[in-house]
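One structure is given below, encoded as structure tokens.
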Amino acid sequence: MSGYNFTEIENYWQKYWAENKTFKAENTGDKEKYYVLDMFPYPSGAGLHVGHPLGYIASDIISRYKRLKGFNVLHPMGYDAYGLPAEQYAIQTGQHPAITTERNIARYREQLDRIGFSFDWDREIRTNSPEYYKWTQWVFIKLFNSYYSGQARPISELEDIFSKHGTNGLQAAQSKELTFTAEQWNTYSEQKKQEVLMNYRLAYISETAVNWCSPLGTVLANDEVVNGFSVRGGHPVERKLMKQWSLRITAYAERLLNGLDTLDWSESIKEVQRNWIGKSIGATIYFQFATPAIPANSANSATSATSANSANSANSTNPTNPTNPTNPANPANPATTADNVPLSLEIFTTRADTIFGVTFMVLSPEHPLVLKISTQDELPKVIEYISWAKNRTERERQQEVNKVTGVFTGTYVIHPFTGKKIPVYISDYVLMGYGSGAIMAVPAHDSRDYRFAKKFSLPIVEVVAGGNIEEEAYEAKDGTLVNSDFLNGLKVKDAIKKATEFIENKKIGFARTNYRLRDAIFSRQRYWGEPFPIYYKDGIPYALKENELPLQLPEIDKYLPTEKGEPPLARATDWTYSGYPLETSTMPGFAGSSAYYLRYMDSQNSEALVGKKANEYWREVDLYVGGSEHATGHLIYSRFWNKFLYDIGLVVSDEPFKKMINQGMIQGRSSFAYRLNHQSYKEYLQTADSTPLQLATSPRAAASTSPRAAASTFPRAADSTSPRAADPTSPQSTSTSIPIAPIFVSKNIPNREKFTDPVHVDIHLVENDVLDTDAFKKWQSDLAEAQFITESDGRYICGYEIEKMSKSMYNVQNPDEIIDRYGADTLRMYEMFLGPIEQSKPWDTKGIEGVFRFLKKYWRLVSGDEDIAIPFDESEPTAQELKIIHNLIRKIEEDINRISFNTAVSSFMIAVNELSEIGCRKKSIHEKFAILLSPFAPHIAEEVWRMLGHNETVTYAEFPKYEEKYTIESTFDYPVSFNGKMRFTISLPLENTVKEIESAVLADERSTKWLDGKTPGKIIIVPKRIINIVI
RNA sequence: GCGGACGUGUUGUAAUUGGUAGCCAAGCCAGACUUAGGAUCUGGUGCCGCGAGGCGUGAGGGUUCGAGUCCCUCCGUCCGCACCA
């Protein structure tokens, strides 16, 4: 027999590629460039599982295909090496994270090498190496030393402007609105000047409400928090005011939004980013306070921030919107009383048209004006409400969205058009973080305002006809304005425009664009990350000089916060710069991954993040492959960094990733088990001899009765025994080493009440009856008498669900086992054969045999059916052989270009089946075949290429050219339908005219049968497609 | 609640533009071969029916000579966002 010795073949070629640096890419040359990038992995302790390579295989196929097509291909790989799991492991074991990381990387590399990827390893990067993070710090300094006005500019320019013009005419992204003159600026102290500049820097420090995760001891970015829990670890997260570094990504909101239109990304991921940026066009309107509780006083301090504005979050100013004056010489800009209470209330609305429907105002409970404007009578209730709202967790708020709460402040504002008094309420359905933290409530046309109005019996005035406001709010933007004075009769769209114009003319507000996007909080109170190149002098942060980088991560004794609660870096001895203390927080995970694609272009460059020449050659990533879960994190931060680097002239391309494909997840099948509880076990013991307790018929049956696995997943509170609402998001990633064990409940298990809650088990351990998981140990102590019942003894209970592969769920399928048994080529082709690349699918080894059989069959065909290889036939191929191979060429090229690898694999199978059938041994046919196959199964293709007499790698062979003349048929098998139902086929020459076809079909005796004596009506003939006869 | 994607044999899937539904595999059934292998080969396999034939792409309707594909309504699954004014 002919042995397909994949191990030998694969080892040989992997060694050959490494020794010959087959995939090394140069930064120059005549060839056209093509840059294919994978999202680099975090090297976790669990190693690679079969899900990781899915995208890598796809990108490798493209890379190898592009090389065959004559491109100079850059296909690098590296490691996102900073991260929480290594640090958590360090806390537990005292092991330095660098050591753990190093070890994990070595393991990853070994696994990656076994799959036969065509990476240029000379360009490898690791985000934790000083040579690399030097440039992460460098970009930070650049951001620190920049402000934004249409584009990023040096902060020194801003100092110059201030000294000449103050803030007069200034258009710049800022945290809060400041107003001062040049004279004032020039009298400011150094400290004061630095404070003011901080208001404009693109990397700035400020006291902000952050997501504080106490169990992790650090703050988290918005995209790292889901439903009030940390994405990593699933720990509760609270809002807390802290001094933190942030990046002013909001300055780029408009450009990040517009840039999406130029990208070849999936519509869904672009939509996610659009939502995340959340642009809304509307108007800011000021409502004068009516109540005499505020002493009338027009005194106005020109230098101070207006109180109403200081309530704004950073994104409420928008320098990129020309209609939005950032320093409005605007009479509406509210004057304040002597004690800084403004005379008017600033709100933001997208529905200026509904202004005549306003019947009350609502402030967020955290709004800084709340205590100042509340009347003495209402103050106690207001204070009580504020403290109640404050103690409500993020989670409660989100879960009880429909719970209507709020209190009256006792204060009124004046409607700018009707002059009526409008009461001011506070309620936590209004968020401080968006707009100005205050709204004008139009209950007739906003469902939240509607609910509130119903609860507090406030009037509801219809101003847009079209709905039934007795029943519910009419929110649709079509209809005609009524009860609205000068807006009556207008359509909503026109009314918004006209109302906004009126508001601007009356100087009570202005058109404004708001974004939901928040500035990115950039500090983490952790050890294992990039140190900030920042020191403090008199409490003011200053950046190190660029030539002083990298600022190396110091050694510390313990990877925990200090007793005083400072971040771990505070433990380092002499963590100072020229005697001044250095910043003790470190940068977040997305710092190192924000510009890594640039570093690959020129990874050895010690003078620059990326050299001019290298960047001009590679420009941007042509194809980016990775998971869609990074839509609101990495993918938006990277785009922001890139745009900044574009602004400062470092890079030539405005967008980093031209085209992207998002591979689906390969899920695991996790098994879980139940135990009989005390009572049931006693009963069981009594009946065990005769009647084994019948619980379900099979694990499959148990699972199939509860197909909604994800919905029954919930994180289990330590003291909770009752299932809570479905929360599919919490146990998302468990690569941290302090996971909370997710518990699964399948609702439809028979005799459910006899069992404990199910727990994930390692099915291999279950089979061997060795249960060593922590959860089981806990059971043993809690339920000493409980009996674990296995499937094998027929009294079993084991269920399974399909979920994300994760170590803690014992459902990880390791690629090494597959490679040992079938080889890397089979693994590669099987993963592609599983289905469309973007689709998530459970790992299932059943089908792998089919792919393995295909490769064995191919091997038999090329090696001859004997032990010794017989020579190839060098004679001219037959028409049939040419047809097979050219059809395959066309199909493979097409499928690669539309990234449809599952159908490509299927085409290879068809071709091998056909070639085997005719026993094709033609050299020229097999040469073409080997080249076609090489992107998919590179090892076997190389070996065959060698057997065909070539001494060089197949990597740079020429992709065969499709020639239509070999595939053209002379006849076509027409399907003949009667009234649309296909009845038979008829083979007719292609050159037949419609007329000839018609008479040929009608002459056929089968037609006579189906016509059944009736006369055909219309006859539809589409040449080369179908014939349809209508009776 | 809003937005998006999807729903095809026992299973993974295919059908690129409205033109033969189920390619290629898996599984199952029957058989061949044997050096008994982690083989290999042959045939069958959507459902109903002995057959002729009928029915079939989540359900119902529509457009069309013709619908898995387009339109409407509904049901279901998955993903994203979620009090964003």
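These numbers come from the heavy atoms of this one structure, side chains and all, not from hydrogens, waters or symmetry mates. Throughout, a chain's letter reflects where its sequence line sits, starting with A, and its residues are numbered from 1.
A distance of about 13 Å separates the P atoms of B:C6 and B:A15, rounded to the whole Å. Comparing B:G43 with B:G37, their P atoms sit 26 Å apart, to the nearest whole Å.
With a cut-off of 3.5 Å on both pairing distances, B:G68 has no Watson-Crick or G-U wobble partner at all. Nucleotide B:C81 forms a Watson-Crick or G-U wobble pair with B:G1, both donor-acceptor distances falling under 3.5 Å.
Atom OH of A:Tyr4 sits about 4.5 Å away from atom CG of A:Leu855, to the nearest 0.5 Å.
The existence of a salt bridge linking A:Arg890 and A:Glu964 is excluded, since no basic side-chain nitrogen approaches an acidic carboxylate oxygen closer than 4.0 Å.
For A:Lys856, counting side-chain heavy atoms from C-beta on, the closest listed nucleotide (B:A85, B:U40, B:C65) is B:U40. Of the candidates B:C83, B:U20, B:A14, B:U20 carries the atom nearest the A:Ile1026 side chain, counting heavy atoms from C-beta on. Between B:A14, B:C24, B:G27, one nucleotide has an atom nearer to the side chain of A:Ser906 than all others, and that is B:C24.
Protein atom NZ of A:Lys841 is 16 Å distant from nucleotide atom C1' of B:A26, rounded to whole Å. Spacing between atom CD of A:Gln839 and atom C1' of B:U8 amounts to 13 Å, rounded to whole angstrom units. Counting to the nearest Å, the P atom of B:A25 and the CZ atom of A:Phe908 are 14 Å from each other. Rounded to whole Å, atom C1' of B:C6 lies 12 Å from atom CD of A:Glu838. We find that CG of A:Asn913 is positioned 8 Å from P of B:C24, with the value rounded to whole Å. In this structure, the CD atom of A:Glu271 is 9 Å from the P atom of B:A5, given to the nearest Å. Following rounding to the nearest Å, A:Asp973 (CG) and B:U20 (P) show an atom-to-atom distance of 13 Å. A:His445 has its NE2 atom 14 Å from the C1' atom of B:A85, to the nearest Å.
Residue contacts shown for A:Asn275 are absent, as no nucleic acid heavy atom lies under 4.0 Å away. At the heavy-atom level, A:Met909 lies under 4.0 Å from the strands shown only through sugar-phosphate atoms. Looking at heavy-atom distances under 4.0 Å, A:Leu834 makes contact with sugar-phosphate atoms alone, never a base. Residue-level contact check: A:Ile910 touches the backbone only, with heavy atoms under 4.0 Å from sugar-phosphate atoms and none from bases. A:Phe833 comes within 4.0 angstrom of a base, heavy atoms only. Across all strands, A:Arg821 comes closer than 4.0 Å to base atoms (heavy-atom distances). Across all strands, A:Arg274 comes closer than 4.0 Å to no nucleic acid atom at all (heavy-atom distances). Nucleic acid contact for A:Glu894: base, since at least one base atom lies under 4.0 Å from a heavy atom of the residue. Nucleic acid contact for A:Lys1009: sugar-phosphate only, since backbone atoms but no base atoms lie under 4.0 Å from a heavy atom of the residue.
Aromatic ring centres of A:Trp843 and A:Tyr830 lie closer together than 6.0 Å.
Between A:Thr903 and B:U16, a side-chain N or O to OP1/OP2 separation shorter than 4.0 Å is absent. Side-chain nitrogen and oxygen atoms of A:Lys857 include none within less than 4.0 Å of the OP1 or OP2 phosphate oxygen of B:U40. At least one side-chain nitrogen or oxygen of A:Arg983 sits closer than 4.0 Å to the OP1 or OP2 atom of B:G54.
Within 90° of 0 lies the glycosidic angle of B:G9, which makes this nucleotide syn.
Under the 3.5 Å distance criterion, with hydrogens and angles disregarded, a donor-acceptor pair is assigned to the side chains of A:Thr250 and A:Asp519.
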